[in-house]
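This report concerns only the one structure given below.
Note: hydrogens, waters and symmetry copies are ignored here, and every other heavy atom, side chains too, is used. Keep in mind the model is a prediction, meaning the values are calculated, not measured.
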Amino acid sequence: MHITLPTYRSLGGALLMAASFLSQPAWASASTASAPAAAKSLASLLTGGPLPRLSDDAQVRAALFDFFGYARGSYTEDDELVLAQALEAISEKRDATRTVLADGRQLLASMNDRKQGRERGAMLLDKRGAIIAFGLVNGHCHLEGQPLAKVCNPDPNAVLTVFHRKGMLVGEAAPLLAWARQLPPMLALIAGDKEAGADGQKIATVEYVLAQPALPGWNRAQLPPAYPPALLPLLLDKSTVLTSAGAGVFAYPLTLKGKKQNNVLDHAEGRPPRDLEVALRSYASFDTVVERYRQLAKGARLQRNERTAYLDGDMGQGSYRVYIRNTGPDGVMIDVALWQRKLAASR
């Protein structure tokens with residue numbers, strides 16, 4: 001399949017003019033877009049009482065999004081949102097802990113119980129409850145082999161990754177190093193065993209990574225090769241690519257690359273198969289995402305209710321459809337589909 005730019009050029013100019021509108025942080029409000037937002041506070045979690053499941057708490061999720069944004073990396077997963085990896089590492093409710101430090105700072109920590117705590121996370125908070133740093137015990141996981149499979153460092157070569165705000169001194173992260181070396185119960189039993197102890201988890205490496213919440217959540221390599229540059233603004237900069245496909249074949253993720261994509265929705269609704277598709281996730285509100293696309297794709301036909309929205313439009317000799325779905329705490333799913341031919345308005 002070959003898709004030519006002239007097919008899309010009539011819409012491309014309008015989309016590019018709207019690009020600056022899409023560059024604002026996903027959870028930024030219009031009133032604060034022109035000035036840096038203050039770090040979100042978790043002060044309500046510092047006053048005692050039982051801790052919630054940290055990964056499910058709305059305040060924690062908002063604060064971590066503010067801290068990580070859509071930055072990606074390979075820590076507990078290969079090339080995944082750091083935010084998602086951090087949330088998974090603090091997903092166990094029973095083991096959520098609060099530690100008050102001598103200088104008034106606090107440490108909120110938990111672990112991924114499905115891995116017996118091999119993957120665990122901790123937030124270092126200042127006296128106001130703002131995140132100073134996040135410690136993630138991980139195995140620098142990545143994909144390798146054929147077929148591709150996730151491979152992580154063995155337990156004796158575990159890594160503590162300290163994500164930090166600009167200007168933090170290395171010494172300020174000392175509580176995270178002490179926390180990381182206190183093994184969860186199951187791992188502590190293995191480490192204390194005379195026979196198996198050599199294979200127990202050890203923090204072999206400590207690395208410091210600057211948190212960069214302004215980074216875009218996807219890159220050009222994740223898109224089908226034929227995706228036209230003029231239509232890149234249809235893909236929100238502050239979002240992350242889940243899957244992409246061209247001519248019915250997956251281009252991303254790597255574990256699906258080259259495999260056939262079966263889109264039953266087009267067939268069921270009487271449309272020809274889409275030529276290109278990109279599925280994204282945004283952590284902006286549903287209303288914000290819908291409004292962004294309404295502003296972006298002026299002239300498109302919009303249908304919406306409380307949980308879903310469709311935008312259909314034409315561009316040159318082709319058509320496009322954007323399907324937006326609100327999934328609550330899991331964010332807003334966005335499906336961008338392109339056709340080289342014009343579709344009937346009813347489709």
Side-chain angles (χ1 to χ4, degrees), residues 1-23 216-253 256-282 284 289-305 308-325 332-347:
M1 179 187 68
H2 180 66
I3 297 179
T4 58
L5 286 181
T7 305
Y8 302 103
R9 199 173 300 279
S10 62
L11 182 66
L15 292 174
L16 292 172
M17 286 191 294
S20 61
F21 177 69
L22 295 173
S23 65
W218 55 269
N219 58 67
R220 190 68 175 83
Q222 296 169 321
L223 307 182
Y227 195 94
L231 294 185
L232 287 176
L234 263 182
L235 311 178
L236 300 190
D237 184 50
K238 299 302 180 183
S239 65
T240 186
V241 171
L242 301 176
T243 63
S244 69
V249 175
F250 281 106
Y252 183 84
L256 295 177
K257 187 173 183 179
K259 295 182 179 180
K260 185 178 180 180
Q261 180 201 40
N262 294 316
N263 194 306
V264 297
L265 185 62
D266 285 339
H267 178 74
E269 296 185 354
R271 288 187 300 271
R274 55 197 62 188
D275 295 307
L276 292 168
E277 178 186 70
V278 180
L280 309 113
R281 184 201 310 270
S282 171
V289 171
V290 173
E291 177 61 19
R292 287 186 176 187
Y293 273 106
R294 190 186 69 80
Q295 292 285 339
L296 178 67
K298 294 184 182 299
R301 297 176 292 276
L302 171 65
Q303 304 175 63
R304 67 160 292 175
N305 56 35
T308 62
Y310 290 91
L311 288 94
D312 296 276
D314 298 324
M315 47 194 169
Q317 299 174 13
S319 294
Y320 68 92
R321 164 171 278 205
V322 180
Y323 173 42
I324 306 167
R325 181 165 55 94
V332 177
M333 304 301 181
I334 307 164
D335 183 72
V336 178
L338 308 176
W339 288 264
Q340 280 190 284
R341 70 194 82 177
K342 279 191 177 182
L343 302 181
S346 60
R347 294 180 181 176

For [X] against [Y], the heavy-atom pair lying closest together:
X      : Y      : answer
Leu280 : Ser239 : CD2-OG, 3.2 Å
Thr240 : Gly217 : OG1-O, 3.4 Å
Ala226 : Leu276 : O-CD1, 4.0 Å
Leu235 : Tyr293 : CA-OH, 4.3 Å
Asp266 : Asn263 : N-OD1, 3.2 Å

In chain order, what residues pass the side chain to side chain donor-acceptor pair (under 3.5 Å) check against Asn219, with sequence neighbours excluded?
-> none

Answer whether the closest heavy-atom distance between the side chains of [X] and [Y] falls below 4.5 Å.
X      : Y      : value
Leu234 : Leu338 : yes
Leu232 : Leu223 : yes
Ile334 : Leu236 : yes
Tyr320 : Val336 : no
Arg301 : Tyr310 : no

Using the side chain to side chain contact (heavy atoms under 4.5 Å, CB included) rule, take Leu256 and Gln261 through it: C-alpha gap first, then chi angles, then the decisive distance, then the call.
-> CA-CA 9 Å; Leu256 295 177; Gln261 180 201 40; over 6 Å; no

Contacts table for residues 243-251: side-chain donor-acceptor under 3.5 angstrom, sequence neighbours left out:
residue, atom, partner, partner atom, Å
Ser244, OG, Gln222, O, 2.6

What do the steps show when you test Leu311 against Arg304 for side chain to side chain contact (heavy atoms under 4.5 Å, CB included), and what is the final call?
-> CA-CA 9 Å; Leu311 288 94; Arg304 67 160 292 175; over 6 Å; no

Set of side-chain contact (heavy atoms from CB on, under 4.5 Å) partners for Asn262, sequence neighbours left out |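 In terms of side-chain contact (heavy atoms from CB on, under 4.5 Å), with neighbours along the sequence ignored, Asn262 is linked to Lys260.
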
For Lys342, what residues pass the side-chain contact (heavy atoms from CB on, under 4.5 Å) criterion, not counting sequence neighbours?
-> Asp314, Ser319

Nearest-0.5 Å distance, CD1 of residue Ile324 to CE of residue Met333 =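 One finds 13.0 Å between CD1 of Ile324 and CE of Met333.
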
Under the salt bridge (charged side-chain N to carboxylate O under 4.0 Å, His left out) rule, collect the residues that match up with Asp335, sequence neighbours excluded.
->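 Per chain and number, Asp335 pairs via salt bridge (charged side-chain N to carboxylate O under 4.0 Å, His left out) with Arg274.
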
Salt bridge (charged side-chain N to carboxylate O under 4.0 Å, His left out) partners for Arg294, two or more places apart | Glu291

Please check if the side chain of Trp339 supplies one atom and the backbone of Arg321 the other of a donor-acceptor pair under 3.5 Å.
->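 Here the side-chain-to-backbone pair does not exist.
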
